[in-house]
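This report refers to the structure that appears directly beneath it.
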Amino acid sequence: MSAFPPFAVPGVEPASGTPGQGSVAYRGDQLADLPTAAAVLDRFPAELIGLAGPDETRDEHPIARADLVAQIYVSTGDGLRWGLGFDDEVGHLVQPNLGSIVEDYLENALAAQPDVGSAYHYDRESFQAETTRVLRADEMLARWLDAILIAHRGYAQQLGRALPY
């Protein structure tokens with residue numbers, strides 16, 4: 001086995017783990033400038049609006065694109081099975097309060113991504129995905145980012161909230 005498995009990103013040290021020796025994890029900000037992820041980020045506004053759910057006040061919680069990528073991660077041990085997650089603040093972008101909206105926009109958007117065979121939302125801020133081919137971490141991050149943007153728009157529409165982007 002080579003020192004760098006095909007899912008590792010050459011020249012980028014994982015936030016945890018060692019390529020070729022088990023699972024590794026990357027934060028989004030480590031990979032956001034790579035072409036695959038950057039192409040998706042170019043579709044994001046500089047600042048997104050996190051929306052409170054319909055049972056809460058209609059406060060808006062802005063989150064800058066740079067803060068968003070610092071709060072998401074991807075992890076894998078083989079480039080086919082992925083752990084994906086985010087910090088609390090990102091939740092205001094992509095998911096309603098428990099029980100307020102039945103559809104899981106983020107799980108659905110992730111499952112619909114190219115090369116993603118299945119997706120499972122197993123905890124509030126944690127997902128698993130299996131891909132149909134080995135992806136590098138930056139490629140999986142691009143799919144994760146795209147799913148986040150799609151889910152954000154779907155969530156806002158379901159809440160009847162207009163986004164300026």
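A quick note: this is a predicted structure, and the numbers were derived from the prediction, not measured.
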For the student: nearest non-hydrogen atoms of [X] and [Y], plus distance:
{"X": "Phe7", "Y": "Leu135", "answer": "CB-O, 3.2 Å"}
{"X": "Ala147", "Y": "Ala109", "answer": "O-CB, 3.6 Å"}
{"X": "Ile63", "Y": "Asp67", "answer": "CG1-CB, 3.9 Å"}

Are any of the side-chain heavy atoms of [X] and [Y] separated by less than 4.5 Å?
{"X": "Thr36", "Y": "Leu141", "result": "no"}
{"X": "Ile49", "Y": "Pro62", "result": "no"}
{"X": "Arg153", "Y": "Leu163", "result": "yes"}
{"X": "Met140", "Y": "Leu84", "result": "yes"}
{"X": "Val116", "Y": "Thr132", "result": "no"}
{"X": "Arg27", "Y": "Ile72", "result": "no"}
{"X": "Val69", "Y": "Leu41", "result": "yes"}
{"X": "Val74", "Y": "Asp138", "result": "no"}

Using a 3.5 Å distance criterion without hydrogens, assess whether the side chain of [X] forms a donor-acceptor pair with backbone atoms of [Y].
{"X": "Asp123", "Y": "Ser126", "answer": "no"}
{"X": "Tyr26", "Y": "Val9", "answer": "yes"}
{"X": "Asp87", "Y": "Glu89", "answer": "no"}
{"X": "Arg65", "Y": "Leu48", "answer": "no"}
{"X": "Glu139", "Y": "Arg136", "answer": "yes"}
{"X": "Thr131", "Y": "Gly79", "answer": "yes"}
{"X": "Gln30", "Y": "Glu13", "answer": "yes"}
{"X": "Gln21", "Y": "Thr18", "answer": "no"}
{"X": "Asn108", "Y": "Ala111", "answer": "no"}

Is it true that, when you exclude Glu47 itself, more than 12 heavy atoms of the residues, nucleotides or ligands shown sit nearer than 6.0 Å to its CD? yes
Looking at Asp33, I'd like to know if its CG atom is crowded, meaning that more than 12 non-hydrogen atoms belonging to other residues, nucleotides or ligands lie closer than 6.0 Å. no
If we check side-chain contact (heavy atoms from CB on, under 4.5 Å) with Leu106, which of these qualifies: Leu93, Val94, Ile150?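 Among the candidates, only Val94 passes.
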Report the C-alpha distance between Tyr165 and His152 in whole Å, list the side-chain angles of each, state the deciding distance to 0.1 Å, and finish with yes or no for ring pair (Phe, Tyr, Trp, His ring centres under 6.0 Å). CA-CA 11 Å; Tyr165 40 85; His152 176 56; 5.8 Å; yes
For residues 116-137, the ring-ring contact (aromatic ring centres under 6.0 Å, His included) pairs (sequence neighbours left out) are His121-Phe127, Phe127-Trp144
Establish whether Leu34 and Val134 are linked, either directly or via other cluster members, by ILVMFWY side-chain heavy-atom contacts under 4.5 Å. no
Got a second to check how far Arg81's CZ is from Ser75's OG, nearest 0.5 Å?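 Reported value, rounded in 0.5 Å steps: 12.0 Å.
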Calculate, to the nearest 0.5 Å, the distance between atoms CZ and CD1 belonging to Arg143 and Ile148 respectively.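 One finds 14.0 Å between CZ of Arg143 and CD1 of Ile148.
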Verdict with reasoning, Phe86 to Leu68, per side chain to side chain contact (heavy atoms under 4.5 Å, CB included): CA-CA 9 Å; Phe86 50 80; Leu68 168 72; over 6 Å; no
